[in-house]
There are 2 protein chains.
Amino acid sequence: MELIRGTLDLLILNALASRAMHGYEIARWLEDTTDSALSIEEGSLYPALHRMARRGWIAADWGISDANRRAKYYSLTDAGSDQLGLASSRWLRFVEAVAKVLKAAPAPNTP
Amino acid sequence: MELIRGTLDLLILNALASRAMHGYEIARWLEDTTDSALSIEEGSLYPALHRMARRGWIAADWGISDANRRAKYYSLTDAGSDQLGLASSRWLRFVEAVAKVLKAAPAPNTP
DNA sequence: CGCCTTCCCTAGACATTCTAGGCATAGACA
DNA sequence: TGTCTATGCCTAGAATGTCTAGGGAAGGCG
């Protein structure tokens, strides 16, 4: 399912809030957590991770994965934790506002 | 507030589901409905309306506004009504999936 | 050895929103 | 009368973020 723009950071921050993970792991964590409702393309994921590292929200360390391969583990920084709080509340306020809009109109035909 | 990409169509479709409106009216309807939590920039609104008309979701007719000025009134077509149903359910499924992600992580610090 | 899986990466296409303008007219008010 | 504000429509180009469509290296299994 195509992600709605601007939510990937929020998803990644949440993933890393539970524990440090490498990129591939984040992608599978997201699918597991959402029962495959959401999935990240690698072409979106890695640029997003680099962007977030550049902004100081996450830190990277090379390590060895469970499958015994080299993997870059990302963890949340303090700034990243702050950002998670901001992004979460922004998201919740947005969802609430959209809910008002959906409620304002008569129920759409749901076949 | 900057809109999250991909939601503008949904908002407009909902506005027009309640009644036919001209562009300026849609913008104010959205602010009223969301207690100013959301607002559309004109530079986003008009291109979106043209795009949606091109896709056959809405139809345009020139008329005279309450303020006695010429205004282009948009109304939902049958295809637009279908699209509203699709976009709504897609949005709800997405929000639900993100909720699972937010619940998966420990509560963020909300200062 | 060959293949699948894991794991990382990038360039360019694409879509959508915003910034920053422009233009026209009605009505209020001086 | 002239000017100002609110109404109403529009566009070009920048900025952003995701996806498509690749490429590559290495572990483990048959």
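Residue numbers start from 1 in every chain, and the chains themselves are labelled A, B, ... in the order their sequence lines are given, proteins ahead of strands.
Considering only residues two or more places apart in sequence or on other chains, A:Ser65 meets the side-chain contact (heavy atoms from CB on, under 4.5 Å) condition with A:His22, A:Ala67, A:Arg69, A:Ala71, A:Tyr73. For the side-chain hydrogen bond (donor to acceptor under 3.5 Å, both in side chains) test, residues two or more places apart in sequence or in another chain that qualify with B:Arg19 are B:Glu25. By the side-chain contact (heavy atoms from CB on, under 4.5 Å) test, B:Ala60 pairs with B:Lys72, B:Tyr74, sequence neighbours left out. Applying the side-chain contact (heavy atoms from CB on, under 4.5 Å) test to B:Thr34 and every residue at least two apart in sequence or in another chain returns A:Ala97, A:Val101, B:Leu30, B:Ala37, B:Leu38.
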Quiz prompt | Where protein sits on nucleotides 6-16 of chain C, one letter per nucleotide: B base, S sugar-phosphate only, - none, heavy atoms under 4.0 Å | solution = BBBBB----BB
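With values rounded to the nearest 0.5 angstrom, B:Leu84 atom CG is found 11.0 Å from B:Asp9 atom CG. Taking CD1 of B:Ile26 as the reference point, atom CG of B:Leu13 lies at 9.5 Å (rounded to 0.5 Å).
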Under 3.5 Å, which protein N or O atoms sit close to an N or O of nucleotides 1-5 of chain D? Give each pair with its distance.
none

Exercise. Under the side-chain contact (heavy atoms from CB on, under 4.5 Å) rule, what do B:Arg55 and B:Met52 come out as? Steps first, then yes or no, please.
Key: CA-CA 5 Å; B:Arg55 291 175 183 165; B:Met52 294 168 70; 5.6 Å; no
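To the nearest angstrom, C1' of D:dT7 lies 17 Å from CE of B:Met21. Rounded to an integer number of Å, the gap from B:Leu45 CG to D:dT11 C1' is 14 Å. The CD atom of B:Glu31 sits 11 Å away from the P atom of D:dT7 (whole-angstrom rounding). Here D:dG17 presents its C1' atom at 12 Å from CZ of A:Arg54, a figure rounded to the nearest Å. For the pair B:Glu41 CD and D:dG8 P, the computed distance is 18 Å after rounding to whole Å.
In the hydrophobic clustering of ILVMFWY residues, with side-chain heavy atoms under 4.5 Å counting as a link, B:Trp91 and A:Leu92 come out together.
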